[in-house]
**Student:** 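Quick one: structure below, then a few questions.
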Number of protein chains: 2
Amino acid sequence: MARKHITPGKIRLAEVAKLAGVSPITASRFFRNPDALSAGKRARVESAAKELGYVPNLAARALASQRTEVIGVLIPSLTNNVFADVLRGIYDALDGSRYSIQLANTRYSILQEERLLRLFLAQKPAGLIITGINQTADSRRVMEAVDCPIVQIMEVGPSPIDMMIGFSHFDAAKAAIAHLLAQGYRRIGFLGARMDPRVQRRLDGYRAAMTEAALFDPQLIVTTAIPTSVTLGGTLFADLLAKAPDIDAVFCVNDDLALGALFECKRRHMAVPEQMAIVGFNDLEFMASSEPTLSSVRTNRYEMGRNAAMMVIETLEGRRPAEPVVDLGFSVMERQSSARRS
Amino acid sequence: MARKHITPGKIRLAEVAKLAGVSPITASRFFRNPDALSAGKRARVESAAKELGYVPNLAARALASQRTEVIGVLIPSLTNNVFADVLRGIYDALDGSRYSIQLANTRYSILQEERLLRLFLAQKPAGLIITGINQTADSRRVMEAVDCPIVQIMEVGPSPIDMMIGFSHFDAAKAAIAHLLAQGYRRIGFLGARMDPRVQRRLDGYRAAMTEAALFDPQLIVTTAIPTSVTLGGTLFADLLAKAPDIDAVFCVNDDLALGALFECKRRHMAVPEQMAIVGFNDLEFMASSEPTLSSVRTNRYEMGRNAAMMVIETLEGRRPAEPVVDLGFSVMERQSSARRS
DNA sequence: CAATCGCTTGGTAGCGCTGTCAATATCGGT
DNA sequence: ACCGATATTGACAGCGCTACCAAGCGATTG
């Protein structure tokens with residue numbers, strides 16, 4: 001005998017089948033597709049499984065069926081509130097389903113992403129959720145070759161690998177600037193941190209809006225590769241004021257920067273919005289309850305995660321979503337910090 | 001033949017072994033314990049694996065070895081910044097190791113936690129990280145029966161299930177109040193939300209400090225079961241002021257509440273700290289850059305996650321940590337919002 | 001020089017489940 | 001009563017890997 005005898009207390013599918021008086025394969029079917037059983041056997045297997053406290057061995061299942069029930073999720077950051085909301089949506093959608101999540105953090109590196117992707121795909125995931133549309137050419141190739149539903153999240157763009165859900169960062173930033181212009185602001189600064197591809201597209205939206213209004217001026221732009229923080233928002237805003245002391249508004253690529261800018265204004269006794277309008281991005285919870293309340297661009301992060309997971313599940317269950325690319329849009333939340341100029 | 005023939009392109013351990021000119025079992029050992037091979041074979045297997053792009057099949061490994069290389073992590077919330085930091089620590093510690101993480105969200109329910117725990121343990125995880133010390137009696141029983149390293153995180157207390165890493169929420173809150181008392185504040189309010197066990201212990205710490213100073217007054221306490229938010233901080237603070245208009249300071253069980261209280265002070269044109277001192281808890285990044293800067297109790301969340309994961313790994317590798325219970329402490333960050341009363 | 005030891009290596013037999021296909025039961029229609 | 005179609009069930013083999021045991025081998029020892 002090659003190994004020690006079977007653990008006596010261990011409950012395997014065979015035990016359940018024997019107690020139910022059916023063959024193991026029938027018991028197996030009960031757990032995967034109960035409708036295929038006759039009502040009588042279904043009830044017998046069910047009660048046998050409950051009586052024995054049977055729990056399927058997922059490793060054995062994965063090995064025999066050559067697939068897993070794991071959905072891989074690749075996100076660039078665990079700290080960022082934005083992804084926390086997306087993740088919550090994903091977990092909520094998968095809660096109670098047979099699928100579980102394998103999470104990995106790319107740290108905003110597409111090379112890391114490629115490495116993690118290969119790692120994931122080698123384990124034959126049931127599906128994949130990946131952030132953004134800027135993968136390496138190799139990553140794309142690998143994903144196109146693989147046979148599982150893939151959803152790109154956080155933004156929409158041309159040529160999805162498979163499915164896609166998000167919104168246009170370009171349009172969202174442009175709309176934020178349009179709002180400021182409509183309120184009468186003219187010298188609108190731009191604050192950007194971490195400059196990942198999506199932030200870059202927000203900058204493009206800003207540039208487009210300002211150029212259309214014939215107000216574009218590179219002096220109005222301050223960016224850095226440093227990860228975002230409230231403190232950084234204050235620092236960058238100070239830099240911006242040094243470069244362009246005559247600005248009357250500032251668009252921040254996220255709400256942390258906006259909050260930092262607000263505090264910096266307070267420190268300088270600049271009235272918001274009278275002397276300085278502020279608009280953020282994402283509309284985190286605190287934006288609506290600061291003093292003054294801060295304008296922002298609301299993005300539907302929870303829904304993005306939730307729908308992405310649901311799109312994967314539906315595809316796996318053969319009900320492929322009618323529309324593979326979903327634009328969740330955004331809305332400009334106009335609050336005190338960008339009220340009309342007096 | 002029971003199933004279609006082996007996929008031609010598939011690379012299995014056997015292929016690697018053949019190319020390397022060794023037996024499959026020797027190749028297997030290379031991936032699990034390279035030191036057990038002679039230098040020559042080790043190099044041959046290594047280059048064969050690389051040449052073929054071999055990736056082990058984890059399902060087969062788990063089935064054959066009767067264990068997985070998955071560490072289960074049970075946390076109460078995905079949204080809370082505090083857990084985001086802990087998670088980051090865990091992921092960082094496990095990055096590059098053979099272990100992966102299975103995350104589940106208990107939503108602050110110990111019954112959910114028990115359910116998830118059973119689900120996890122049925123899959124024989126390599127280890128387990130679980131939040132807090134308030135598990136159900138059944139959960140405890142189940143965990144004590146299982147043979148894998150378990151780390152309770154976020155707080156320390158008596159009778160660990162296995163290992164434990166955190167700090168005393170009681171002492172931390174007490175220290176925050178001691179600081180306010182030392183600064184001359186006397187009517188110190190308490191703002192609490194979500195009132196989970198750890199927040200409850202912060203309340204106990206507050207009560208102890210106030211009672212010792214003969215300043216305890218139940219009118220000073222405002223709590224709610226509602227999940228925390230900045231907006232809620234403002235609301236609760238307003239409630240507190242209605243109950244006890246003569247307060248001169250407020251201790252908030254987390255930084256979001258503290259920020260909300262600060263904004264509410266601004267709305268009411270109450271000077272901070274002259275008319276109202278504020279102290280938060282956790283010391284999130286923004287506390288140091290608000291205007292005024294906000295005092296808080298710094299907790300070592302990232303380190304907690306990181307060390308917890310490392311404790312699990314070390315135990316798995318036979319180097320059991322000398323000290324199974326680690327108190328990471330805290331520090332009261334004294335900032336403008338609780339400067340000495342003038 | 002035989003006995004012993006430690007280190008490496010390999011053979012064998014599953015781990016617990018499911019894909020494939022065949023066999024049987026059931027059923028309505030003619 | 002017969003036929004084909006459909007619904008249910010089961011037998012078999014094997015998914016890719018590792019636990020267990022045994023054997024080979026050179027070095028060490030009395």
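Letters A, B, ... mirror the listed sequences (proteins, then strands); counts begin at 1.
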**Student:** Counting only side-chain heavy atoms from C-beta out, which of C:dC17, C:dG19, C:dC15 sits nearest to A:Arg61?
**Tutor:**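 Nucleotide nearest to A:Arg61's side chain: C:dC17.
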**Student:** Please check the phosphate of D:dG14 (OP1 and OP2 only) for any side-chain N or O of A:Gln66 closer than 4.0 Å.
**Tutor:**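 Result: no.
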**Student:** Find the distance A:Ile11:CD1 to C:dG16:C1' and express it as a whole number of Å.
**Tutor:**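 Spelled out: CD1 on A:Ile11 to C1' on C:dG16 is 14 Å.
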**Student:** Measure from the side-chain heavy atoms of B:Ala60 and tell me the nearest of C:dG19, D:dG16, C:dC17.
**Tutor:**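 Within the option list, the nearest is D:dG16.
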**Student:** Are A:Asp138 and A:Arg115 ion-paired here, with the side-chain N under 4.0 Å from a carboxylate O?
**Tutor:**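 Looking at A:Arg115 together with A:Asp138, the answer is no, because their closest N to O distance does not fall below 4.0 Å.
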**Student:** Below the 4.0 Å mark, does C:dT18 have OP1 or OP2 next to a side-chain nitrogen or oxygen of A:Arg32?
**Tutor:**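 For C:dT18, OP1/OP2 do have a side-chain N/O of A:Arg32 under 4.0 Å.
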**Student:** Which pairs of donor and acceptor atoms, one on a side chain in residues 127-137 of chain B, lie under 3.5 Å apart (sequence neighbours left out)?
**Tutor:**
{"residue": "B:Thr131", "atom": "OG1", "partner": "B:Leu74", "partner atom": "O", "Å": "2.8"}
{"residue": "B:Asn134", "atom": "OD1", "partner": "B:Arg201", "partner atom": "NH2", "Å": "2.5"}
{"residue": "B:Gln135", "atom": "OE1", "partner": "B:Gln152", "partner atom": "NE2", "Å": "3.1"}
{"residue": "B:Gln135", "atom": "NE2", "partner": "B:Thr131", "partner atom": "O", "Å": "3.3"}
{"residue": "B:Gln135", "atom": "NE2", "partner": "B:Gly132", "partner atom": "O", "Å": "3.1"}
{"residue": "B:Thr136", "atom": "OG1", "partner": "B:Glu114", "partner atom": "OE1", "Å": "2.7"}
{"residue": "B:Thr136", "atom": "OG1", "partner": "B:Ser139", "partner atom": "N", "Å": "2.9"}
{"residue": "B:Thr136", "atom": "OG1", "partner": "B:Ser139", "partner atom": "OG", "Å": "2.8"}

**Student:** NA contact type, B:Arg42, heavy-atom cut-off 4.0 Å: base, sugar-phosphate, or nothing?
**Tutor:**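 No contact.
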**Student:** Could I get the full list of ring pair (Phe, Tyr, Trp, His ring centres under 6.0 Å) partners for B:Tyr91, not counting sequence neighbours?
**Tutor:**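 Here no residue qualifies.
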**Student:** Name all residues meeting the ring pair (Phe, Tyr, Trp, His ring centres under 6.0 Å) criterion together with A:Phe167; count only those two or more places apart in sequence or in a different chain, and write none if there are none.
**Tutor:**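 For A:Phe167, the residues satisfying ring pair (Phe, Tyr, Trp, His ring centres under 6.0 Å) (neighbours in sequence not counted) are A:His169.
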**Student:** In whole Å, what is the span from the CD atom of A:Gln123 to the P atom of D:dC17?
**Tutor:**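 My rounded result for the distance is 10 Å.
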**Student:** Write down the distance between CD (A:Glu69) and C1' (C:dT18), rounded to a whole number of angstrom.
**Tutor:**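 Distance, rounded to whole Å: 12 Å.
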**Student:** Figure out the CD/P separation between B:Glu15 and D:dG16, and round it to whole Å.
**Tutor:**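 About 9 Å, once rounded to whole Å.
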**Student:** Please check the phosphate of C:dC17 (OP1 and OP2 only) for any side-chain N or O of A:Tyr54 closer than 4.0 Å.
**Tutor:**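 Yes, within the criterion.
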**Student:** Taking CG from A:Leu58 and P from C:dC15, how many angstroms apart are they, rounded to a whole number?
**Tutor:**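 In whole Å, C:dC15 P and A:Leu58 CG are 18 Å from each other.
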**Student:** For B:Arg32, check salt bridge (Lys or Arg N to Asp or Glu O under 4.0 Å) against everything at least two apart and list the hits.
**Tutor:**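 So B:Arg32 forms no salt bridge (Lys or Arg N to Asp or Glu O under 4.0 Å) with any residue.
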**Student:** Take atom CZ of B:Arg12 and atom C1' of D:dT18, then tell me their distance rounded to the nearest Å.
**Tutor:**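 Interatomic distance, CZ of B:Arg12 to C1' of D:dT18: 15 Å.
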**Student:** Which whole-number value in Å describes the distance from A:Leu13 CG to D:dC12 C1'?
**Tutor:**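 The distance from CG of A:Leu13 to C1' of D:dC12 comes to 16 Å, rounded to the nearest Å.
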**Student:** Would you indicate whether the side-chain heavy atoms of B:Glu113 and B:Leu116 approach each other to under 4.5 Å?
**Tutor:**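 Of all side-chain heavy-atom pairs linking B:Glu113 with B:Leu116, none is under 4.5 Å.
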**Student:** Identify, with sequence neighbours excluded, every residue that meets side chain to side chain donor-acceptor pair (under 3.5 Å) alongside A:Arg198.
**Tutor:**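 Side chain to side chain donor-acceptor pair (under 3.5 Å) check on A:Arg198 returns nothing, list empty.
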**Student:** Going 5' to 3' through nucleotides 5-10 of chain C, assign each nucleotide B (protein heavy atom under 4.0 Å from a base atom), S (under 4.0 Å only from sugar-phosphate atoms) or - (no protein heavy atom that close).
**Tutor:** ---SBB
**Student:** Should A:Ser65 be listed as having a side-chain N or O under 4.0 Å from OP1 or OP2 of C:dC17?
**Tutor:**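 Answer is no, no contact under 4.0 Å.
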**Student:** Run the side chain to side chain donor-acceptor pair (under 3.5 Å) test against B:Glu46 and tell me which residues pass, sequence neighbours left out.
**Tutor:**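 Partners of B:Glu46 under the side chain to side chain donor-acceptor pair (under 3.5 Å) test: none.
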**Student:** Apply side chain to side chain donor-acceptor pair (under 3.5 Å) to A:Glu323 and list each qualifying residue two or more places apart in sequence or on a separate chain.
**Tutor:**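 With neighbours one apart ignored, the set is empty.
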**Student:** One thing to verify: whether A:Lys124 and A:Asp147 come together as a salt bridge, which I'm taking to mean a side-chain N less than 4.0 angstrom from a carboxylate O.
**Tutor:**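 No, no charged N to carboxylate O under 4.0 Å.
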**Student:** To 10°, what angle do the rotation axes through the five end pairs on each side of the helix from C:dC1-D:dG30 to C:dT30-D:dA1 form?
**Tutor:**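 The end axes of the helix from C:dC1-D:dG30 to C:dT30-D:dA1 are about 30° apart, to the nearest 10°.
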**Student:** Between C:dC17, D:dG16, D:dA19, spot the one nearest the side chain of B:Arg67, thanks.
**Tutor:**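 Shortest atom-to-atom distance from the side chain points to D:dA19.
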**Student:** Which is true for B:Phe30 with a 4.0 Å heavy-atom rule: it touches a base, it touches only sugar-phosphate, or it touches nothing?
**Tutor:**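 No contact.
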**Student:** Roughly, in whole Å, what's the span from CZ in A:Phe31 to C1' in D:dT9?
**Tutor:**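 After rounding, the reported distance stands at 17 Å.
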